[in-house]
Amino acid sequence: MNTKFTSDIKKNYDITVLGVYKNNKFSQPTTKFDGERNGIISTSIKNSKFDGDIGKSLFIYSEKLLLIGLGEQKNLDNLALQKIGGKIGSLLKSEKLENAFVMLDNFSDEKLFNLAYGANLKTYEFNKYKSEAKEHKLTLNFYSENPQKSEGDFLKTQSIIDGVITTRNLANEPSNILTTTEFVKQTKKLSKLGVKIEVIDETELKKIGANLILAVGSGSSHPPYIVVMKYTGNKKSKNKIALIGKGLCFDSGGISLKPSKGMDEMKSDMTGAATVVGIMESLAKQKAKVNAVGIIGIAENMPDGNSYKPGDIIKSLSGKTVEVLDTDAEGRLVLADCITYTVQKIKPNLMIDFATLTGAIIVALGDETTGLFTNNEKLARQLTEAGQKTGEEVWQLPMGKKYKKMIESDIADMKNLGTPLRSAGSITAAEFLDNFTDGTSWAHLDIAGTAWTTGNDIAPKGVTGVGVNLINEFIETNIK
Ligand code: BES
Ligand code: MN
Ligand code: ZN
């Protein structure tokens with residue numbers, strides 16, 4: 001989708017989109033249009049069930065007009081605007097309209113940008129494998145008194161949109177196309193934006209002793225990698241934030257094989273890593289004044305004669321030993337070596353990891369809220385606030401000694417599974433990761449539920465790209 005800003009009301013557009021508040025209270029531009037057209041808007045509304053409620057709409061085809069319900073003016077916050085933007089995008093798409101003029105009210109740029117954000121993300125399509133699919137080329141021309149300024153200021157929102165789309169594009173790819181090696185290749189596109197890419201391949205992983213990620217990848221014909229992506233936007237500062245991602249191109253469960261029902265969804269078990277790539281892209285594109293390092297662990301978990309097995313004891317990059325009780329609890333193993341690498345080599349002020357880590361978080365929070373675990377209460381507050389502001393809500397779950405006890409092993413430093421009944425399954429996974437944080441401020445976001453949607457206000461069915469906007473907001477507000 002294309003987003004433009006214009007002060008040209010008179011141009012010949014496919015359609016003009018106008019706003020109406022609850023109980024059919026017209027916005028100023030709608031009143032003006034109605035006056036110029038002998039009250040046809042008022043008449044059309046009278047003959048319909050349209051009432052200006054949010055989510056309602058009315059096409060007046062004879063006048064090439066679309067009315068959009070804005071609800072109550074006092075409730076029209078950024079999230080409501082994103083939802084309205086999404087609605088406009090879907091409506092125009094289903095009517096195959098391409099060039100639309102949007103003037104809901106005399107909105108500020110901030111409001112327009114939220115409308116555009118929702119429209120861009122809701123009209124996203126992943127149809128490259130449909131032989132007959134034709135791309136719908138939609139352009140929204142938003143009315144602005146100073147289009148040049150609006151266009152310039154929009155670049156930041158556009159960078160976030162681009163980041164979300166990159167995350168979705170990567171995570172929607174099937175694992176026969178997006179193999180581990182192909183994923184690495186895709187991350188190199190970021191170098192055009194000034195991001196430095198460093199690839200730690202299997203040979204190097206062996207040399208440094210990253211045996212956990214090696215074990216997870218051992219049954220696959222596609223080798224594991226750690227990719228480090230460095231963006232330096234504030235050379236004057238030594239501070240840096242690390243963003244870590246779980247990148248399982250496919251998670252079959254390995255020798256602890258998953259049931260076949262729903263196993264296809266595990267092609268998106270690299271969404272955490274894709275989220276990190278999306279965030280790095282958005283920061284670099286907007287030239288954010290921050291130093292950020294992305295560290296992603298890429299592997300494929302498969303059953304094979306070379307696979308790691310339940311009962312194996314593996315020495316991690318940190319030196320701590322892990323007893324493997326379930327090869328399907330592989331994400332925490334990959335992340336553990338990535339976290340150690342980050343703590344030892346990157347030495348960030350704080351690190352945040354993203355992972356489709358546990359089915360248990362879906363049981364606990366469903367697909368609307370991301371699970372948050374942290375060793376730093378200030379970070380918890382900041383991420384919670386960023387979540388409320390962006391609509392990408394997070395909810396903190398408890399951690400502590402009593403949970404840590406649940407992953408104690410009889411014969412190694414820890415085991416990769418809690419109780420056989422999987423009680424507190426998401427928390428014990430987080431406790432496992434905490435064993436590798438070594439005093440660095442850390443937050444873990446379990447996005448197993450929120451990474452995917454059957455369709456919501458601003459996303460079609462598929463990968464959501466959750467986390468990209470959240471971390472952009474978090475960085476803008478909290479990182480100097
Ligand atoms: N990738 C899965 C978690 C997952 C499940 C993500 C459903 C998205 C949707 C993870 O690797 C996994 O298999 N977790 C196990 C852990 C268990 C073996 C302790 C789980 O959640 O069942
Ligand atoms: Mn698994
Ligand atoms: Zn997994």
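For ligands, and for the atoms within them, numbers begin at 1 and follow the listed sequence.
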Atom indices of ligand 1 within 4.0 angstrom of Leu417 heavy atoms, with elements: 19 (C)
Tell me, which protein N/O/S atoms are under 2.8 Å away from the Zn ion (ligand 3)? Lys246 NZ, Asp251 OD2, Asp269 OD2, Glu330 OE2
Atoms in ligand 1 with a heavy atom of Lys258 nearer than 4.0 Å: 12 (C), 13 (O)
Any salt bridge (charged side-chain N to carboxylate O under 4.0 Å, His left out) involving residues 207-216? Give me the pairs, sequence neighbours left out, ordered by first then second residue. Glu204-Lys207
Which of the ligand 1 atoms, numbered from 1, are nearer than 4.0 Å to a heavy atom of Ala448: 6 (C), 8 (C)
Taking atom types as modelled and ignoring hydrogens, do the side chains of Ser218 and Asn306 form a donor-acceptor contact shorter than 3.5 angstrom? no
Numbered in order shown, the ligand 1 atoms found under 4.0 Å of a heavy atom of Glu330 are 11 (O)
My understanding is that we take every heavy atom of each candidate and find the minimum distance to atom 1 (N) of ligand 1. Doing that for Ile447, Asp269, Asn301, which one comes out nearest? Asp269
Of all heavy-atom pairs linking Asn114 and Gln82, the shortest is OD1-NE2, 2.9 Å
In this structure, which one of Val334, Ile314, Asn211, Asp251 forms a side-chain contact (heavy atoms from CB on, under 4.5 Å) with Val216? Val334
Minimum heavy-atom distance Asn349-Lys240, with the two atoms named: OD1-N, 2.7 Å
A quick test of your reading: do over 12 heavy atoms of other residues, nucleotides or ligands sit less than 6.0 Å from NZ of Lys320? yes
With 2.8 Å as the limit, jot down which protein N, O or S atoms are around the Mn ion (ligand 2). Asp251 OD2, Asp328 O, Asp328 OD1, Glu330 OE1
Glu110 atom CD, over 12 foreign heavy atoms within 6.0 Å: no
Against heavy atoms of Gly359, which atoms of ligand 1 measure under 4.0 Å? 3 (C), 5 (C), 20 (C), 21 (O)
Among all protein heavy atoms, pick the one closest to atom 2 (C) of ligand 1 and tell me residue, atom and distance. Asp251 OD2, 3.6 Å
Distance to 0.1 Å, residue and atom name: give those for the protein heavy atom nearest to atom 16 (C) of ligand 1. Arg332 NH2, 3.9 Å
On a heavy-atom basis, the closest approach of Pro303 and Gly254 is CB-O, 3.7 Å
Below 4.0 angstrom, N of the basic side chain to O of the carboxylate: do Glu98 and Lys137 qualify? no
No-hydrogen, no-angle side-chain donor-acceptor test under 3.5 Å, Glu385 and Asn478: no
Evaluate Lys246 for polar contact with ligand 1, using N/O atom pairs at a separation under 3.5 Å. yes
Apply side chain to side chain donor-acceptor pair (under 3.5 Å) to Glu281 and Thr166, showing your working. CA-CA 8 Å; Glu281 176 177 337; Thr166 291; 2.5 Å; yes
Polar contact flag, side-chain donor to acceptor under 3.5 angstrom, Asn456-Thr464: no
Provide, to 0.1 Å, the distance between atom 10 (C) of ligand 1 and the closest protein heavy atom, together with that atom's residue and name. Leu357 O, 3.3 Å
Can you name the atoms of ligand 1, numbered from 1 with element, that are less than 4.0 Å from a heavy atom of Ile362? 7 (C), 9 (C)
Is the shortest side-chain N to carboxylate O distance from Lys246 to Asp353 below 4.0 Å? no
Would you list the pairs meeting ring-ring contact (aromatic ring centres under 6.0 Å, His included) in which at least one residue belongs to residues 402-451, sequence neighbours left out? Phe373-His444, Phe432-Phe436
Going through the checks in order, is the side chain to side chain contact (heavy atoms under 4.5 Å, CB included) test met by Ile54 and Asn75? CA-CA 10 Å; Ile54 205 156; Asn75 295 339; over 6 Å; no
Could you find the nearest protein heavy atom to atom 15 (C) of ligand 1 and give me its residue, atom name and distance? Asp328 O, 4.1 Å
Could you tell me which atoms of ligand 1, counted from 1 in the order shown, lie closer than 4.0 angstrom to a heavy atom of Asp326? 18 (C)
Close N or O approach (Glu265, ligand 1; < 3.5 Å): no
Answer with yes or no whether the side chains of Ser318 and Ser316 bring together a donor and an acceptor at under 3.5 Å. yes
What protein heavy atom lies closest to atom 8 (C) of ligand 1? Include the residue and the distance to one decimal. Met266 CE, 3.6 Å
On a heavy-atom basis, which atom in Gln396 and which in Ala380 lie closest, and how many Å separate them? OE1-CB, 3.6 Å
Identity and distance of the protein heavy atom lying nearest atom 22 (O) of ligand 1: Arg422 NH1, 3.1 Å
